[in-house]
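Below, chains carry the letters A, B, ... as their sequence lines are ordered, and counting in each starts from 1.
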Amino acid sequence: MDNQLVLYNTLTRRKEKFEPLNPPFVGLYVCGPTVYSDVHLGNCRTFVSFDLIFRYLLHLGYQVRYVRNITDAGHLEGDNDEGDDKFAKKAKLEQLEPMEIVQKYTLGFHEVLRLFNTLPPSIEPTATGHISDQIEMVKQIIENGYAYEVNGTVYFDVENYVKKHDYTILTNRKLDDLLDNTRELNGQDDKRGRLDFALWIKAKPEHIMRWPSPWGIGFPGWHIECSAMSSKYLGEEFDIHGGGMDLAATHHTNEIAQSQACNHTNPAKYWMHTNMLTVNGTRMSKSAGNGFLPYELFSGSHQLLNRGYSPMAVRFFMLQAHYRSTLDFSNEALDAADRGYKRLMNAIALLPKLKINTKKSAVNIGELKQRCYAAMNDDFNSPVLIAELFEAVRIINSVYDGKLMLDESSFAELNTLMQHFVHDVLGLIDDNTGAADFEKLMTVIIALRNEAKQNKDYTTSDRIREGLSSMGIQLKDSKEGTLWNKI
RNA sequence: GGUCGGAUGGCCGAGUGGCUAGGCGGAGGUCUGCAAAACCUUUUACAGCGGUUCGAAUCCGCUUCCGACCUCCA
């Protein structure tokens, strides 16, 4: 714990020491989902990654305010002020009110994240709940000379902004290249520069989600909500702003521009971006149609899957890769993760059954603990942490087998280590245990089988074992007794 | 086309100028009534070609291949 936490800052493209602006407080803002359809696993990976980051900061003793928004308005299908509102389109499709769409998919999102055992954010603000804050921010940007209004729509003036600011600071791209490669103005909107983006959009007559503003009836643009809500709850400058890598080039670039134009600050000291989940090497995305829905994974109903995997096994699978690396989805990889996860959980279940030795311990838990902290302090390196924890697994199993000695203080240290890192930091819980009645039932069955074994009635004992095996319960005999787990 | 990031053993996935990552799988062993589990041992690596260096998978250059962003997407 005496090591310094370092994290990779997209803004500087290097690892930096983490030094909060106002310790022990930490402000963390993560761009949440647009709730017009089911979240897929790629979305989930980002939120699991930030859950790990949130949990570790909490574990280190920081008082973290974690703000994650729900986008429930304002997103059109293209990056122009044309096309359909995603919510309106979906509402039409499902014959629901737009706000019914929002409610339906917000609840689904929360349910999925609960299954993945993520901690809820401190504040989960919605775009529709902060229209006036967004309007105020747009007004200020216009006042500061970085936006203009045309026919009820307000655009951010990138051309003027770049005179004093670095528009591409986050992605390090050259402005000229951006200009060269941006689509030609197609004449259907009124923006002056081809990089300009909408802050407020005039609502067409058929548009359902609409609010009054100084520029007429309309709805907010796609980037302003995060700027308005992050500054409202975390201040004009806060510690960490995060999101998926796909948001960096456009969404976060524009967020920085908006905050600079309004508050004269880059909103966040550290920008963190999580990498994509891929399927056969290609990014999982809604538009590509290769997205897995969580329940398809849990049940194994997706056509690319051989079987289902529990939410905790999937969480473990995600945490076995570093958050800044792509992670590829395959049956083999999931099977391997599932077995590894169970091995870890079985070892933890053995902890209360370990025999404590009075002699001095043969293992140094303190060193192991240091390595665990070193792993996490190095930009939240959960795969290395998990590798270290498997050393703990080996120790636990060896002590259980009587091949290794553990004294009382080492045992206590090991117990705490597993509690802290497996449960608190990695957020992994055992989904293998049954209900209390079930546990009692198993105790009776195991006792009957052991009686049969003592009488050398192996026909009966094997029948019991095979019967249980066929329903997915595995028995493990040892000198200390018989253990069971679900497979 | 521009920008950026990759290419690690059967699979997944860390890391790094010299010391076994780890998980899963395979092989052998110990234990066991048998099995499973566990433990021990073991197996196959760093895309290719040059260069720097006492030493490179790790640094530099080139080549090939792949991906992301540049259009809504975590």
Given B:rA74, B:rA37, B:rG13, the nucleotide with the shortest approach to the side chain of A:Phe47: B:rA74
Taking atom P in both B:rG28 and B:rA37, compute the distance separating them and give it to the nearest angstrom. 15 Å
Can a donor-acceptor pair under 3.5 Å be found between the side-chain atoms of A:Arg465 and the base atoms of B:rC34? yes
Taking B:rG22 as the reference, what is the distance to B:rU43 when you measure between their P atoms (whole Å, please)? 13 Å
B:rU44 to B:rU52 separation - C1' atoms, rounded to the nearest Å: 30 Å
Examine the side chains of A:Tyr36 and A:Asp72 and answer whether a donor and an acceptor come within less than 3.5 Å of each other. no
Would you please indicate yes or no on a ring centroid separation below 6.0 angstrom for A:Phe421 and A:Tyr373? yes
What's the CG-P distance between A:Asp335 and B:rG13, to the nearest Å? 14 Å
CA sep, side-chain torsions, deciding dist, call: A:Phe50, A:Tyr66, ring-ring contact (aromatic ring centres under 6.0 Å, His included): CA-CA 10 Å; A:Phe50 280 105; A:Tyr66 175 20; 7.6 Å; no
Which nucleotide, B:rG33, B:rA14, B:rC12, lies nearest any side-chain atom of A:Phe317? B:rC12
According to a strict under-4.0 Å criterion, is A:Asn381 in side-chain N/O contact with OP1 or OP2 of B:rA14? no
Nearest to the side chain of A:Thr282, heavy atoms from C-beta on, is which of B:rC34, B:rA68, B:rA74? B:rA68
Round to the nearest Å and state the distance from A:Asn172 atom CG to B:rC4 atom P. 7 Å
Does the pair A:Lys342/A:Asp338 count as a salt bridge with the N-to-O cut at 4.0 Å? yes
Does the structure show A:Tyr458 stacking with B:rG33, if we require the centres to be closer than 5.5 Å and the planes to be within less than 30 degrees of parallel? yes
Please determine whether the number of non-hydrogen atoms from other residues, nucleotides or ligands lying under 6.0 Å from atom NZ of A:Lys476 exceeds 12. yes
For A:Asn172, give me all partners under side chain to side chain contact (heavy atoms under 4.5 Å, CB included), at least two apart in sequence or on another chain. A:Arg13
Set out, in order, the CA-CA distance, both residues' side-chain angles and the distance that settles salt bridge (charged side-chain N to carboxylate O under 4.0 Å, His left out) for A:Arg55 and A:Asp51, then state yes or no. CA-CA 6 Å; A:Arg55 283 169 175 275; A:Asp51 186 58; 2.8 Å; yes
Would you indicate what A:Ser325 reaches in the nucleic acid, counting non-hydrogen atoms under 4.0 angstrom: base, sugar-phosphate, or nothing? sugar-phosphate
Per nearest nucleotide of RNA chain B, the residue lying toward the 5' end, A:Met245 or A:Lys456, is A:Lys456
Report the C-alpha distance between A:Phe47 and A:Phe109 in whole Å, list the side-chain angles of each, state the deciding distance to 0.1 Å, and finish with yes or no for ring-ring contact (aromatic ring centres under 6.0 Å, His included). CA-CA 11 Å; A:Phe47 302 121; A:Phe109 172 64; 5.3 Å; yes
In 5'-to-3' order, the base (B), backbone-only (S) or no-contact (-) status of each nucleotide in nucleotides 17-22 of chain B, using a 4.0 angstrom heavy-atom cut-off, is ----BS
With a 4.0 Å limit, can you tell me whether A:Arg394 has a side-chain N or O closer than that to the phosphate oxygens OP1/OP2 of B:rC39? no
Watson-Crick or G-U pairs under 3.5 Å in RNA chain B, rendered as dot-bracket with [ ] for crossing pairs and | for another strand: (((((((..(((.....[...))).(((((.......)))))....(((((..]....))))))))))))....
May I have the distance from A:Leu350 (atom CG) to B:rA36 (atom C1'), rounded to whole angstrom? 14 Å
Are the side chains of A:Phe298 and A:Leu115 in touch, meaning some heavy atoms are under 4.5 Å apart? yes
Say you pick atom P in B:rG9 and the same atom in B:rC4; how far apart are they, in whole Å? 27 Å
Same-atom distance (C1') from B:rG26 to B:rC34, integer angstrom: 23 Å
Is it true that A:Lys104 and A:Glu94 make a salt bridge, defined as a side-chain N closer than 4.0 Å to a carboxylate O? yes
Atom CZ of A:Phe316 to atom P of B:rG23: distance rounded to whole Å? 10 Å
How many Å lie between CD on A:Glu225 and C1' on B:rC73, as a whole number? 14 Å
To the nearest Å, how far apart are A:Leu319 CG and B:rG13 P? 14 Å
Can you confirm whether more than 12 heavy atoms, excluding those of A:Arg307, are under 6.0 Å from its CZ atom? yes
Students often get this wrong, so: under 4.0 angstrom with heavy atoms, is A:Leu247 touching a base, only sugar-phosphate, or nothing? sugar-phosphate
Please state the C1' separation for the pair B:rC31 and B:rC39 - nearest whole angstrom. 9 Å
Candidates B:rG33, B:rU3, B:rA74 - which lies nearest the side chain of A:Arg449: B:rG33
From the set B:rA38, B:rG13, B:rA74, return the single nucleotide nearest to any side-chain atom of A:Asp401. B:rA38
When you compare B:rC59 with B:rG17, how far apart are their C1' atoms, in angstrom units rounded to a whole number? 8 Å
Under a 4.0 Å threshold between the charged nitrogen and the carboxylate oxygen, would A:Arg449 count as salt-bridged to A:Asp477? yes
Determine the contact category for A:Ala333: base if any of its heavy atoms lies under 4.0 Å from a base atom, sugar-phosphate if only primed atoms, P, OP1 or OP2 are that close, otherwise nothing. sugar-phosphate
Distance check needed: B:rG23 P versus A:Leu334 CG, whole Å only. 18 Å
Look at the side-chain N and O atoms of A:Thr171 and state whether any lies under 4.0 Å from the OP1 or OP2 oxygen of B:rC4. no
If you measure from the P atom in B:rA21 to the same atom in B:rG55, how many Å do you get, rounded? 22 Å
Pick the nucleotide of RNA chain B nearest each of A:Glu332 and A:Cys31; which residue has the one closer to the 5' end? A:Glu332
Here the distance between atom P of B:rG6 and atom NE2 of A:His322, to the nearest Å, is 12 Å
Is there a side-chain polar atom (N or O) of A:Thr250 under 4.0 Å from OP1 or OP2 of B:rC70? yes
Side-chain N or O of A:Asn397 versus OP1/OP2 of B:rA38: is the shortest distance under 4.0 Å? no
